[in-house]
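What follows is a short report on a single structure.
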2 protein chains.
Amino acid sequence: MSQLLIKNGKVILGQDAKIESVDLLIKDKTITEIRPNIDYKELENNNENITVIDASEKLVSPGFIQTHLHFCQTLFRGSADDLELLDWLRLRVWPMEASHNPASLSASTLLSLGELIKSGTTSALTMETVHHTETVLEVVEKTGFRATIGKCMMDKGYGVPSRLSEKTKDSLNASLDLIKSWKSESGRVSCCFAPRFAISCTQELLETISKIAQENNLLIHTHASENLKEIEVVQNETGLRNVEYLQKVGLAGKNIALAHCVHVNEYEQRILAETGTHVLHCPSSNLKLGSGLAPITEMLELGVSVSIGADGAPCNNNLDMFKEMRLAALLQKMRYGSSSLPAKKAFYLATLAGAKALGLEEKIGSIEVGKTADIIIVNLNQLHSTPTPDLLSALVYSANASDVETVIIDGQILMYKRELKTLDEKEIIAKANKEYSELVKRAGI
Amino acid sequence: MSQLLIKNGKVILGQDAKIESVDLLIKDKTITEIRPNIDYKELENNNENITVIDASEKLVSPGFIQTHLHFCQTLFRGSADDLELLDWLRLRVWPMEASHNPASLSASTLLSLGELIKSGTTSALTMETVHHTETVLEVVEKTGFRATIGKCMMDKGYGVPSRLSEKTKDSLNASLDLIKSWKSESGRVSCCFAPRFAISCTQELLETISKIAQENNLLIHTHASENLKEIEVVQNETGLRNVEYLQKVGLAGKNIALAHCVHVNEYEQRILAETGTHVLHCPSSNLKLGSGLAPITEMLELGVSVSIGADGAPCNNNLDMFKEMRLAALLQKMRYGSSSLPAKKAFYLATLAGAKALGLEEKIGSIEVGKTADIIIVNLNQLHSTPTPDLLSALVYSANASDVETVIIDGQILMYKRELKTLDEKEIIAKANKEYSELVKRAGI
C-alpha cells in the first residue's frame, strides 16, 4: 500500500474550513490521519512505502471542483470573442464542435486537463459534444483526473449543423450505450446525461432522460436560463419560464445540475431551492457573453445549491477557479455590498458545494479523515499575496493559478513543484496547436 | 552608450496596436529602430555594447500603466476585507496609514514595486499617505520604476486620525516643499498633488492647489464619486454633485486625474469629457468595496479619457493589470453585450490611455521609434492561453501575471526570465511581514 505524508502545512480542515497546522497521512487514496507531528520515522520503521511532501509555510486545501466545463471547447479558446450566446453557438462553437474528430477532441481534453491541474482544479462536471465522448472519457481516465462527463444531446433546434443534429431515439441510444459500456477502472470517471438546453432538446427526450436518470441514479447536466433570447424561445414554445418547464419535464431535483441560471425569477429560484436542483454559476462566462449577472446572493439565501465552473474556454477564456472564485465574490459585493459572499463562502462554493453537485460530498470537497485525497498545496509566500493576515482571504482574493505547487487526485501526485506528472506540457501545447489549425480548416471558419 | 536588441518577437506596435514580427533596437533609453532582421553582428562590429534578448514566439508589448495605486497601502493587503468604503477607511486604512513610519512605508513600497514589475506594470500614478512621501519617492527612484507620486492631503473630515489630520496651510506647505525639493536624477519619478477626496479637503485647499498646479504644469490626483455616501456628504455640504463641485473649485481639466467616477450622472460625464479630465477606472476595487460599476461605456462614447488602476491592495487584493484589464472588459460586456469594450480597447486603456493621464503620451504607452523603452515580454505559449488565434485577445482574456518574463523600464532590464534585477524578492517579503506585524501593533488593530 502506498502512503503519502504531507508535513507541516497549514491545512483547511473539514466542512467549516478551519485552518490548522497539522500533518496529513494518506493511505492509498484515503486520508487516514490528521494531526500534528505524524512521526515519519515510526511509519518508515514499519517498512511501509511512504512519500513525504514538505508543506512548510504552505496552504493545504481541498482541490477545486468545477461543475460546468466543456473539454471539447478548450481548443476553441480565443476563436469566438465578442459574440453574444446564440451567435457564439451558431457561428463558431457549433461548427467547430461539429468538426471535431477523436484526435482533435483528445487534444482539447488534454489541454483542458493540463490547465485545470496547473490551476488547482481536481474534479469537474463536463458537457462534451455530440460525438466521440468515449475519447474524452478515456483520456481523463488515463491522466488521473476526476470527472463526470456527459455526451451532448441535441435532437432539435434552429441553426444546428447537421452533424450535431440527432434523432431523438439515436441521441438517447448513443447516451445509453456510452453510459452502459463505460467502465472506469479507477472509479474516478463517470458518465452522465448532458442534454444541451431546452431549445436543443425535444420534450420527449428530456422526459425520457429524466425517468432513466431517476431509476439509475444518474446525473443530468444541462444549461438553463443563461440568456434572455433563450428564455424567450422556451416561453414561446412552452408558455412557461425555463426552470418551470424543466421542472415539468422532470428536470428538477438532486440529480439535476443547471448551468448559469442568470435570469431566474423568484418563483424559479424557489423551485430550485425546494427541489434541491444544483445551480452551476459561471461568472466570467456570463459577463463575457453579455448574458448578465446571476442572482447568487438571493439563491444562496433561499438555500439553493450553488457551485462554480469556468464554462468553455471560448467564453472565459480560462479554466481557472482562482479567477472564477474571486469574481463570484466580487460581483455579489457589487450588488449587495462589500460583506456579501465573503471569502469563506466563495471557497465553499469552489470546493464542497461542487462535490455536492456531483453527488460526491461523502468522498471529496473537504479534508477529513475517511475522505479521498483530492488535495492541492498552494504557496502564498508571494509578492502578490504578502502579507497574509487571513489565509482563506489570501487564497480567494490574492492568489493566482501559478501559486499552486502540488496537486493530488485520488491519492496520486499529478503535479509536484509545478511539474505535471502524468502529462507532458510541451507536447500538449504542440498537439493542441496542430489539431486546432486542422479543425479550423475542417470547420471552414 | 548601452544598446538593447529584442529579436524575433511579435510586437504590438504604435497607437493602433498592430502586431508585427519585428526586432527592436533600444539605444540608452530610446527605441531607435523597429524593423525585421536588425543585424546583430553589424551592430557588434561597430564595437558597441549590446545586450540581445531573444523574444522568439513571445509577445512584446508596451508595459502596463496603472493610474490609481496607493503604495503605502500594499502592506495592508488582506487587513480590511468585507468592509464598505467609509468603514474601510475609518476602521482600518486610516489608522494603519497613520501608523506608518519610514521603514514600514519603504517595505510597503518595495512590496508594491515587486508585485507590479512581476505582473508587467511599468508606470504608475500613486497617492501615498500624509507623511513620509519622500521615502516612497526615493525607493521608487532607486528601483528603476516609473511613477508620479503624490503626498496625500487631508485638512478636514470626520473620523480622521489626528496624525493624518492637517491644517490647510501645513498640508499645502508640506506638498509644495516635497514638490520643490524632489529631484529625480533619472527623470522617471515625479511629484504631484494628491488631495484625498472632496470630503477630506477644504474648498480653500482645493482652490489653492488648482491654481498652483495650473501655473506649474502639475498633475492633481484625487478620488471622486466612488461611493454613494461620499456623494451625499459632498451634496449636503456644497449643494452640488461631486464632479460639479470639483469643477467649481478648479479640479477639472487635462491635469486632473479622478479615481473611480462610479456614480457620475450624464451631466458630470459631459464635464469630464469637455474638460479633458482623466477618469481612473478601478474595477476590482469598485466591486470589492461594494461601490458599484462605473459607466465606462458611456464615458468612452462621450470621449472621456479613461485609464485603469488596481487601487490599494486592501481593496483588490492585488496590483495586477491582467486582472483589472480583463475585468474592465467583462463588466462592460455584462452591461451592454459581448461586443462592448473589446480586447483592443481594454489593452488601450491599460497602456496608452494611462500614459495620457500621466501627461506622458509622447514618451511611453506604445512602442514607436523615438519613444522611451518601457516594454514587457510575455510568453503566451502556455496551457491556459493555447491556442492563440488572436494575440491581443490572449493577452487581455487569457494571460496571467506569471506569463510576463521580461520587463524593461527606461531602457533598463528590471526583470529577466521572471527574476527581478533591482530587487530581492525574498528580502522584500520578509521585510514586509516584519514591518506589517509591527505596524499592526502600532495601529492597535
Side-chain angles (χ1 to χ4, degrees), chain A residues 75 77-79 81-85 88 111 114-115 118-119 284 286-293 313 316-320 323 326-327 329-331 333-334 336-340 342-343 381-390 393-394 397-398 400-402 425 428-429 432-433 436-437 440, chain B residues 75 77-79 81-85 88 111 114-115 118-119 284 286-293 313 316-320 323 326-327 329-331 333-334 336-340 342-343 381-390 393-394 397-398 400-402 425 428-429 432-433 436-437 440:
Chain A
L75 210 59
R77 191 195 317 270
S79 287
D81 290 331
D82 304 335
L83 296 172
E84 171 275 338
L85 177 68
W88 181 90
L111 186 64
E115 182 183 359
K118 288 207 88 174
S119 53
S284 288
N286 295 160
L287 266 53
K288 186 153 182 289
L289 290 172
S291 303
L293 179 44
N316 188 304
N317 294 356
N318 293 122
L319 309 178
D320 178 347
K323 289 187 180 168
R326 179 177 182 270
L327 185 56
L330 263 53
L331 287 171
K333 292 175 193 302
M334 179 187 78
Y336 289 112
S338 49
S339 60
S340 306
N381 204 27
Q382 314 280 357
L383 289 166
H384 61 260
S385 50
T386 297
T388 47
D390 181 327
S393 151
Y397 298 129
S398 304
N400 290 338
S402 55
E425 197 167 331
I428 291 175
I429 292 172
N433 285 325
Y436 167 73
S437 65
V440 164
Chain B
L75 210 59
R77 191 195 316 268
S79 287
D81 291 331
D82 305 334
L83 296 171
E84 171 275 337
L85 177 68
W88 181 90
L111 186 63
E115 182 183 1
K118 288 206 90 177
S119 53
S284 288
N286 296 160
L287 265 53
K288 186 153 184 285
L289 289 172
S291 301
L293 180 42
N316 187 305
N317 294 352
N318 292 123
L319 309 178
D320 179 346
K323 290 187 179 167
R326 179 177 183 270
L327 185 55
L330 264 54
L331 288 170
K333 291 175 194 304
M334 179 186 79
Y336 289 111
S338 49
S339 60
S340 307
N381 204 28
Q382 314 279 356
L383 291 165
H384 60 260
S385 50
T386 295
T388 47
D390 181 325
S393 152
Y397 298 129
S398 304
N400 289 339
S402 55
E425 197 166 332
I428 291 175
I429 292 172
N433 284 325
Y436 166 74
S437 65
V440 165

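Proximity of a side-chain donor or acceptor of A/Asn318 to a complementary backbone N or O of B/His384 within less than 3.5 Å is detected.
Among A/Ile429, A/Asp320, A/Asn433, the residue making the largest number of heavy-atom pairs under 4.5 Å with chain B is A/Ile429. Among B/Leu293, B/Leu75, B/Asn316, the residue making the largest number of heavy-atom pairs under 4.5 Å with chain A is B/Asn316. Contact count versus chain B (heavy atoms, under 4.5 Å) is highest, among A/Gly290, A/Gly78, A/Pro387, for A/Pro387. The choice from A/Ala432, A/Ser284, A/Ala394, A/Gly292 that makes the most heavy-atom pairs within less than 4.5 Å of chain B is A/Ser284.
Residues A/Ser119 and B/Leu383 are not in side-chain contact: their nearest non-hydrogen atoms beyond the backbone lie 4.5 Å or more apart. Residues A/Leu111 and B/Thr386 are in side-chain contact: their nearest non-hydrogen atoms beyond the backbone lie under 4.5 Å apart. Counting heavy atoms from C-beta outward, A/Ser393 and B/Asn317 have side chains that approach closer than 4.5 Å.
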- Item | Intermediate values then yes/no, side chain to side chain contact (heavy atoms under 4.5 Å, CB included), B/Arg326 and A/Lys323 | CA-CA 10 Å; B/Arg326 179 177 183 270; A/Lys323 289 187 180 168; 3.9 Å; yes
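When heavy atoms are compared at a cutoff of 4.5 Å, B/Leu331 approaches chain A by way of both its backbone and its side chain. If you measure heavy-atom distances from A/Leu319 to chain B, you find no contacts under 4.5 Å at all. The contact between B/Ser398 and chain A is made by backbone and side chain atoms together, counting heavy-atom distances below 4.5 Å. The parts of B/Lys288 that come within reach of chain A are both its backbone and its side chain, each placing non-hydrogen atoms under 4.5 angstrom from that chain.
For the side-chain contact (heavy atoms from CB on, under 4.5 Å) test with A/Lys333, the passing option among B/Asp82, B/Asp81, B/Leu289 is B/Asp82; the others fail.
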